[in-house]
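To keep things clear, I will list the structure first and then write my remarks on it.
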Amino acid sequence: MATARSRGPAGQDTEPDSAAGPDGSVGITTGAVARRLGVSPTTVRSWEQRYGIAPAARRGGKHRRWTRDDVAMLDEMCRLTTAGIPPAEAARAAMTTRVPTTGTEPGTGAAPPHTSPTGTGPGTASASAAPHTRAAGAGSGLPLGAVRPECRGLARAAVRLDSPAIDALLTEVLRDHGLVTAWEEVMAPTLHAVGRKWGTTGERYVEVEHLLSWHVSTALRKVAVTPPPGTPVEGPPVLLACTPGEQHTLPLEALAAGLAERGLPTRMFGAAVPAEALDEAVRRLGPAAVALWSQSASTADAVLARQVARTGFGLRGARTAPLVLLLGPGWQTSQARAGAVRPHGLRAAIDAVAHLFTHPRRHPTA
């Protein structure tokens, strides 16, 4: 039976991710392997045409099928070219790592695990590692640690400054895993790795951080402005702002997207909101909650947080006050006093806000 073709982002026909070969084995397509590696399908095809880096076995039909060892070879090609090795030299070295097996699609269990000649290659996995994670970011040049494969692909695409691949990977991970997992297990770890690399290499990777941050912000904002299914929740909005002097907005953008998914109203004020402006916004909006992001202790303004928490709204006897969410590593748990909480993680912050719309707060002096 023929496998149906899918439609790509621009409406063009694309090959299916996998299909059975004439001998009953299964491999993955060029498009699928490109997404895993964080490169464009055109790049993979050009490597075959120019350097002969192709699937070991040729099958009938129009499309190539890449086995476990083929993917490991491409993975090594990505690692070497990202490290600055000329493509022709990288291809020769990568092809020496391929070990012929009867295996097929990576992850099917039809082939023994692949290892490089040194025993530490891309296919080597710890027996205790979770099935959805892989150690190392060697192929991206970034200190990733044990991460999801999508994180490694995103890192490679970012290092290559490959905007189309970054967009495609972000769209795919949001669709397949949802916002919270996409942020906590793919977007944030990659952003942190870029930041660490920048911090240890001087001015290198600044362009990578800027490009990746822009694309992550764009992906999050698309979620934030997409109407959720069902009827939006009615009530006062949630005000999101960075403390005075704080420039890191992406975590707040992730929270805005997560609240939007649940149909909760928000108002995003962005980076470095002056204390006077924040006070005026709180008084004008009468928000259900105020989320204050602080990346470092120097921007964690506890006095401002207490002032916001004491601001009441409504008629006497029925006054309410906003819940203040102290978000980010700049805050200390001891600063979460009356009227404030310090959620740990995006999901906890979303749940804390959602709870307010079924259990509204009362002002302490009501």
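FYI, the numbering just counts along the sequence from 1. If you're wondering where the values come from, they're calculated on a predicted model, not measured in any experiment.
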The reported gap from CZ in R156 to CG in L37 (rounded to nearest 0.5 angstrom) is 6.0 Å
For R347, does the CZ atom sit with more than 12 other heavy atoms under 6.0 Å from it, leaving out its own atoms? no
Go through the steps to decide whether Q335 and L326 satisfy the test side chain to side chain contact (heavy atoms under 4.5 Å, CB included), and finish with yes or no.
CA-CA 8 Å; Q335 293 172 316; L326 305 179; 4.1 Å; yes
Taking D351 for the side chain and A348 for the main chain, is one N or O donor matched with an acceptor at less than 3.5 Å?
no
Minimal heavy-atom distance between T30 and P41, with the atoms involved, is CG2-O, 4.0 Å
Are more than 12 heavy atoms from other residues, nucleotides or ligands located less than 6.0 Å from atom NE2 of H177? yes
So, does T29 use its side chain to make a donor-acceptor pair with the main chain of A32 at under 3.5 Å?
-> yes
- Between E76 and A93, is there a donor-acceptor pair closer than 3.5 Å when you use the side chain of the first and the backbone of the second? no
d(L220 CG, L179 CG) to nearest 0.5 Å is 6.5 Å
Between the CD atom in E246 and the OG atom in S298, the distance rounded to the nearest 0.5 Å is 7.5 Å
* In plain terms, say whether R36 and D75 are close enough for a salt bridge, that is, a side-chain N and a carboxylate O under 4.0 Å apart. => no
* Asked: Can any side-chain N or O of W331 pair as donor or acceptor with the backbone N or O of L327 at less than 3.5 Å?
  -> yes
Rounded to the nearest 0.5 angstrom, the CZ-CD1 distance for R68 and I28 is 11.0 Å
In this structure, CG of L346 is separated from CG of L259 (nearest 0.5 Å) by 8.0 Å
So do P322 and L239 actually touch side chain to side chain, heavy atoms under 4.5 Å? no
query = Taking Q332 for the side chain and S334 for the main chain, is one N or O donor matched with an acceptor at less than 3.5 Å?
reply = no
Look at the side chain of T243 and the backbone N and O of T299, then say whether any donor-acceptor pair between them is shorter than 3.5 Å.
-> yes
In this structure, CH2 of W293 is separated from CG of L255 (nearest 0.5 Å) by 9.5 Å
So the salt bridge (charged side-chain N to carboxylate O under 4.0 Å, His left out) pairs with at least one residue in residues 211-236 (sequence neighbours excluded) are R221-E253
Exercise answer: donor-acceptor pairs, residues 264-279 side-chain atoms, under 3.5 Å, sequence neighbours excluded:
| residue | atom | partner | partner atom | Å |
| --- | --- | --- | --- | --- |
| D279 | OD1 | R283 | NE | 3.3 |
| D279 | OD1 | Q307 | NE2 | 3.2 |
| D279 | OD2 | R283 | NE | 3.1 |

Is there a donor-acceptor pair under 3.5 Å between the side chain of S46 and the backbone N or O of T43?
yes
Using distance only, find each side-chain donor-acceptor pair of residues 168-176 under 3.5 Å and give its atom names and separation, not counting sequence neighbours.
| residue | atom | partner | partner atom | Å |
| --- | --- | --- | --- | --- |
| T171 | OG1 | D167 | O | 2.9 |
| E172 | OE1 | R35 | NE | 3.1 |

